[in-house]
Amino acid sequence: MDNFVAIDFETANNVRSSVCSVGLVFVRDGKIVDERYSLIKPYPNYYLFKNTEIHGLTKEDTLDAPTFEEVWEQFEPLVRDLPFVAHNAPFDSSCLIAAHKVYDLYYPNYTFFCTLQASRRKLRGILPNHQLHTVAAYCGYDLDNHHNALADAEACAHIALKLL
């Protein structure tokens, strides 16, 4: 796969619409050509300790952040013609769907490909697990800032270029 957008969401709580950050990495002709990152004021706007423990974001970090609707208004024209790639695509696609629903936005049935499924299919028996940092390392990418949405999207892009 040579043209796609790798995407990663972090959430504030267990509600899928509670996206608090998003990372996008744009790949054209097999090369990373652009990346975007934004904090997002989550909906609903509360943080669970376990989520903060994972990604480090708190309510104070997103207090003045734009809403998903405001962020997606900027990003949507950039992703319109490209499929998405995510590590555990069912999670990220469900976040995107839920956020669209909360803000009553049209959801154009985006196409998603999953690097986690590709890893399980192609690297079964080779890796001890198929977590993002493990697969990224196998594909030659050092994921230094795991659970930062942009860093995770970049790792996913590198994996996709090798496995999809």
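Source: prediction; values computed, not measured.
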(message) Using the rule that Ile, Leu, Val, Met, Phe, Trp and Tyr join whenever any side-chain heavy atoms are under 4.5 Å apart, tell me whether L82 and F9 fall into a single cluster.
(response) yes

(request) Can you see which heavy atom on Y103 is nearest to which on K41, and at what distance? (result) OH-O, 4.3 Å

(request) May I ask you to check whether over 12 heavy atoms, not counting those of F91, lie within 6.0 Å of atom CZ? (result) yes

(message) Quick check on the hydrophobic clustering: are L150 and I32 connected, directly or via other members, by side-chain heavy-atom contacts under 4.5 Å?
(response) yes

(message) With heavy-atom distances below 4.5 Å as the criterion, would you say the side chains of D92 and D8 are in contact?
(response) yes

(message) Same cluster or not: V71 versus L24, using hydrophobic residues (I, L, V, M, F, W, Y) connected whenever any side-chain heavy atoms lie under 4.5 Å apart?
(response) yes

(message) Check whether H55 reaches the backbone of T11 with its side chain - one donor and one acceptor, N or O, closer than 3.5 Å.
(response) yes

(message) Could you see if L78 belongs to whatever hydrophobic cluster contains F84? Use Ile, Leu, Val, Met, Phe, Trp, Tyr and a side-chain cutoff under 4.5 Å.
(response) yes

(request) Check whether any side-chain heavy atom of F75 sits under 4.5 Å from a side-chain heavy atom of V5, and report yes or no. (result) no

(message) Return the CZ to CG distance between F4 and D81, rounded to the nearest 0.5 Å.
(response) 13.5 Å

Side-chain donor-acceptor pairs under 3.5 Å in residues 104-116, sequence neighbours left out?
unit_1	atom_1	unit_2	atom_2	d
Y110	OH	W72	NE1	3.3
T115	OG1	A86	O	3.4
T115	OG1	H87	ND1	2.7

(request) Measure the spacing between NE2 of H133 and CG of D142 and express it to the nearest 0.5 Å. (result) 11.0 Å

(request) State whether the number of non-hydrogen atoms from other residues, nucleotides or ligands found under 6.0 Å of K122 atom NZ is greater than 12. (result) yes

(request) Give the minimum heavy-atom separation between R36 and F26, together with the two atoms involved. (result) CG-CE1, 3.8 Å

(request) Indicate, with yes or no, if I40 and L57 share a hydrophobic cluster defined by side-chain heavy-atom contacts under 4.5 Å among Ile, Leu, Val, Met, Phe, Trp and Tyr. (result) no

(message) Rounded to the nearest 0.5 Å, what separates atom CG in L63 from atom CG in D61?
(response) 9.5 Å

(message) Check this for me: E76, atom CD, are more than 12 non-hydrogen atoms of other residues, nucleotides or ligands nearer than 6.0 Å?
(response) yes

(request) Applying side chain to side chain contact (heavy atoms under 4.5 Å, CB included), run through N3 and D29 and close with a yes or a no. (result) CA-CA 6 Å; N3 298 293; D29 299 321; 4.0 Å; yes

(request) Might you confirm whether atom CG of N129 has over 12 heavy atoms from other residues, nucleotides or ligands at distances under 6.0 Å? (result) yes

Give the table of side-chain donor-acceptor pairs shorter than 3.5 Å for residues 12-21, with sequence neighbours excluded, one pair per line with atom names and distance.
unit_1	atom_1	unit_2	atom_2	d
N13	OD1	V15	N	2.8
N13	OD1	S18	OG	3.1
N13	ND2	P44	O	3.3
N13	ND2	Y46	O	2.8
N14	OD1	K50	NZ	3.4
R16	NH1	S94	OG	2.6
S17	OG	Y43	O	2.6
S18	OG	A12	N	3.3
S18	OG	N13	N	3.2
S18	OG	N13	O	3.4
S18	OG	V15	O	2.7

(request) Determine yes or no for a side-chain-to-main-chain donor-acceptor pair under 3.5 angstrom, with E70 supplying the side chain and T67 the backbone. (result) yes

Donor-acceptor contacts under 3.5 Å from residues 151-159 side chains, at least two apart:
unit_1	atom_1	unit_2	atom_2	d
D152	OD1	H146	ND1	3.1
D152	OD1	H147	N	3.0
D152	OD2	H147	N	3.2
E154	OE2	Y141	OH	3.1

(message) For V135 and L163: C-alpha separation, side-chain torsions, deciding distance, then whether side chain to side chain contact (heavy atoms under 4.5 Å, CB included) applies.
(response) CA-CA 10 Å; V135 182; L163 298 184; 4.1 Å; yes

(message) Can you tell me how far apart CG (L123) and SG (C139) are? Round to the nearest 0.5 Å.
(response) 6.5 Å

(message) Under a 3.5 Å cutoff, is there a donor and acceptor pairing between the side chains of E60 and T58?
(response) yes

(message) Minimum heavy-atom separation for S119 and H130, please, with both atom names.
(response) OG-ND1, 2.6 Å

(request) Indicate whether the side chain of T62 and that of Y47 have a donor and an acceptor atom separated by less than 3.5 Å. (result) yes

